[in-house]
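Below you'll find the structure, written out as structure tokens, and then a few comments.
Note that ligands are numbered from 1 as they come in the structure, with each ligand's atoms numbered from 1 the same way. The analysis underlying the following values was restricted to heavy atoms, covering all of them including side chains, and did not include hydrogens, waters or symmetry mates.
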Amino acid sequence: MIRFTVLSSILMMSAGVAMADPAQIYRDACAECHGVARLGGQGPALIPESLGRMRGPNLIEVIAKGRAATQMPGFGDALSDEDLAALAEWLHTPLAQAPVWEAEDIEATRWFDPEYHAAEAPVFTADPLNITLVVETGDHHVSVLDGDTFAVLDRFETPFAVHGGPKFSPEGRYVFIMSRDGWVQKYDIWSLKQVGRVRAGLNSRNIAMSADGKWLAVANYLPMTLTLLSTEDLSVARVMPVIGADGTPSRVSAVYQVPQRDSFVLALKDVPEIWEVATDPEAEPVYEGFVHSREKGMVEALPSSQGLFARRRIEVREPLDDFFFSDDYRHLIGATRDSERGVVVNLNVGREIAELPLPGMPHLGSGISWERNGHRVMATPHLKEGVLSIIDTNDWSVIKTIATEGPGFFLRSHENSPYFWADVFFGPNKDVMHVIDKQSLEIVRTLQPEPGATVAHVEFTRDGRYALVSIWEDDGAVIVYDAATLEEVTRLPMRKPSGKYNVFNKITFSEGTSH
Ligand code: DHE
């Protein structure tokens with residue numbers, strides 16, 4: 001009824017006036033679902049920060065035709081082509097004022113599912129550590145798969161546009177999922193039930209969990225903050241403004257858990273700093289640098305913070321992004337803005353120690369590592385070049401560049417597999433997946449499960465026996481391969497399955513997966 005009223009009022013408006021004011025059209029037709037301030041509500045936020053990442057059909061098409069499998073209706077009959085274009089352009093204009101999203105705003109969104117009751121033990125007979133979650137971005141759901149039988153135990157709705165890997169609690173019972181609009185969802189795998197949700201940011205990048213499982217960090221672009229939540233009840237522990245040493249505010253590109261150091265590490269988009277935030281209540285004092293005293297010259301400043309959430313700045317020459325961590329978490333490699341180099345930072349001493357050429361936009365966040373000839377090597381795909389770089393992590397030299405059939409996005413392997421799998425995500429060959437020998441570094445097989453369909457992202461079962469591959473299409477599938485023979489075992493229909501995450505591989509920090 002409401003929708004009818006809105007549509008008919010727009011029709012009347014369009015009939016009487018040559019072209020309606022897009023802000024007025026928004027107020028009449030969109031605000032009810034997308035929020036008066038365009039920050040989202042029942043529907044997603046409609047601001048440049050979120051629209052810039054829109055995949056698939058363009059904005060005008062979505063407004064005109066609606067979005068399948070969502071509540072979004074089409075307004076093509078109600079609005080002229082000019083009005084549609086004007087509205088789309090208006091939605092791409094930045095908000096006049098930076099929105100505020102503080103602890104009380106976040107708290108006000110905290111919601112618990114009234115149907116949730118915590119089961120005392122798993123409500124299924126499957127191995128709870130061999131559960132694999134499949135994020136289906138086609139209709140914003142997650143399927144919970146039994147990793148032995150590949151039966152779907154549950155399929156639950158997620159917030160709109162989930163991004164990044166879900167994060168599991170250390171024993172593997174709970175999982176936390178984040179959407180690009182900053183919603184964090186908690187789900188209980190044992191009970192197969194959603195626990196609750198909270199909106200931790202307005203435009204967010206990813207989440208990380210502390211090593212002790214108590215805290216969840218949410219990296220935000222909007223506002224420029226790190227939100228720290230309690231994993232227990234999703235309450236806000238702290239909203240940390242992110243401001244560089246020179247006073248410049250910065251977006252947080254990503255946050256990572258650093259288990260050995262009991263901390264989070266943050267990649268910052270706008271300032272040449274890496275931040276480390278302690279999750280250890282006994283964390284040593286952190287000094288902000290040095291102050292000048294007329295009598296003594298340069299003297300050490302008083303500690304600015306210590307204990308839980310103490311923050312340390314590591315200064316680098318330029319902003320670095322998309323981190324890969326060495327196995328012992330002593331080093332990270334970050335990508336430079338020109339997408340041509342990787343910079344190695346030693347977290348102990350807090351400075352850059354090496355630089356390596358990685359042209360063609362390396363996707364270090366997808367990097368994985370393994371032992372080869374007594375050396376630990378890592379591999380990274382490149383988003384703009386059809387190559388994989390293999391790097392020796394002892395001296396950070398590039399030991400081989402493997403040519404692929406196009407730029408790829410994700411890599412995966414498993415301790416029990418002699419191969420690693422690399423997708424081709426972009427270009428005419430996006431329907432193939434390479435399987436590469438970890439020792440010879442030669443491509444042993446190039447799979448093409450469905451000609452013409454994008455094939456991407458792999459996850460292994462707990463024992464590494466099977467590899468699950470996505471047919472990344474609306475009418476897609478997860479294909480289960482025997483990881484040794486590389487033969488197809490079964491095909492599970494799914495709605496644009498993106499990432500897949502095995503509980504055991506994630507909580508044990510398997511070397512074959514990114515974290
Ligand atoms: Fe992702 C992980 C950043 C675009 C799907 N992506 C990540 C992570 C980061 C990141 C920092 C690690 C988070 C984590 O798991 O904690 N992604 C970026 C970008 O900067 C980039 C290039 C541009 C952007 O839009 O933000 C980008 N990512 C995409 C996509 O276009 C993908 C293919 C589709 C989508 O859903 O938007 C995409 N990103 C993913 C997936 C993961 C991911 C499925 C988790 C991979 C995993 O196996 O852990």
Side-chain angles (χ1 to χ4, degrees), residues 44 48-56 132-138 140 142 158-168 175-182 184 203-209 216-222 251-258 264-269 319-325 332 334-335 337 339 361-368 380-384 407-414 420-426 430 454-460 467-470 472-473 476 478 494-502 505-506 509-510 512-515:
E49 289 81 352
S50 30
L51 295 172
R53 301 275 172 244
M54 212 169 99
R55 303 277 176 270
T132 295
L133 301 187
V134 184
V135 175
E136 293 179 70
T137 50
H140 313 284
V142 162
T158 67
F160 183 85
V162 166
H163 180 240
K167 299 292 153 25
F168 296 93
V175 64
F176 297 81
I177 296 167
M178 187 214 76
S179 77
R180 287 192 184 260
D181 276 353
V184 173
N203 186 255
S204 305
R205 301 285 301 162
N206 79 321
I207 52 176
M209 189 181 297
L216 199 71
V218 187
N220 299 320
Y221 263 9
L222 199 69
R251 292 168 288 176
V252 185
S253 301
V255 57
Y256 305 88
Q257 185 203 132
V258 183
F264 293 124
V265 162
L266 279 62
L268 305 188
K269 184 93 179 158
L320 298 175
D321 201 354
D322 196 17
F323 295 165
F324 168 85
F325 290 85
L332 65 79
R337 259 187 194 160
S339 309
M361 208 184 226
H363 192 356
L364 295 163
S366 288
I368 56 166
T380 179
H382 294 249
L383 299 177
K384 292 211 169 139
F409 219 100
F410 303 108
L411 300 180
R412 266 300 202 271
S413 186
H414 190 278
F420 72 96
W421 298 51
D423 56 33
V424 171
F425 200 78
F426 305 98
K430 61 185 173 50
T454 304
V455 55
H457 197 277
V458 181
E459 176 61 305
F460 284 77
L468 280 60
V469 172
S470 289
W472 197 297
E473 302 286 341
V478 163
M494 299 263 173
R495 300 291 309 277
K496 206 181 224 180
S498 57
K500 299 164 296 300
Y501 311 90
N502 178 274
N505 295 342
K506 285 296 180 187
F509 280 74
S510 159
T513 178
S514 44
H515 298 285

Would you say ligand 1 has an N or O under 3.5 Å from any N or O of R180?
yes
Say whether H457, considering both its backbone and side-chain N or O atoms, lies within less than 3.5 Å of an N or O atom on ligand 1.
yes
Location of contacts on R205 toward ligand 1, heavy atoms closer than 4.0 Å
side chain
Residues in side-chain contact (heavy atoms from CB on, under 4.5 Å) contact with P381, at least two apart in sequence or another chain
H363, S366, L388, L411
F409 vs F426 aromatic rings, parallel, tilted or perpendicular, using cut-offs 30° and 60°?
tilted
Residue of the set F325, F264, F509 for which ring-ring contact (aromatic ring centres under 6.0 Å, His included) holds with Y256:
F325
State whether Y221 and R205 meet the cation-pi test: NZ (Lys) or CZ (Arg) under 6.0 Å from the six-membered ring centroid, and within 45° of the perpendicular axis.
yes
Proximity flag I207 to ligand 1, non-hydrogen atoms under 4.0 Å
yes
So, regarding W472 and ligand 1 (criterion: nitrogen or oxygen to nitrogen or oxygen, under 3.5 Å), is there a contact or not?
no
Where A267 and F323 come nearest, the two heavy atoms and their spacing:
CB-CZ, 3.5 Å
For R412, is the nearest heavy atom under 4.0 Å from an atom of ligand 1?
yes
N or O contact, H163 vs ligand 1, cut-off under 3.5 Å
yes
G165 versus ligand 1: do any nitrogen or oxygen atoms come within less than 3.5 Å of each other?
yes
For atom 11 (C) of ligand 1, which of A208, P497, A254, S366 has the closest heavy atom?
A254
Is the shortest heavy-atom distance from the side chain of K269 to the side chain of D321 under 4.5 Å?
yes
Just checking, any donor-acceptor pair under 3.5 angstrom between side chains of R180 and S50?
no
Enumerated ligand 1 atoms positioned under 4.0 Å from heavy atoms of F425
33 (C)
Options V252, N206, L411, ranked by nearest heavy atom to atom 12 (C) of ligand 1, top entry:
N206
Any atom of ligand 1 sitting under 4.0 Å from a heavy atom of K167?
yes
According to side chain to side chain donor-acceptor pair (under 3.5 Å), who are the partners of K500, at least two apart in sequence or on a separate chain?
H457, S470
K500 near ligand 1, heavy-atom distance under 4.0 Å?
no
Is there a donor in the side chain of T513 and an acceptor in the side chain of N505, or the other way round, less than 3.5 Å apart?
no
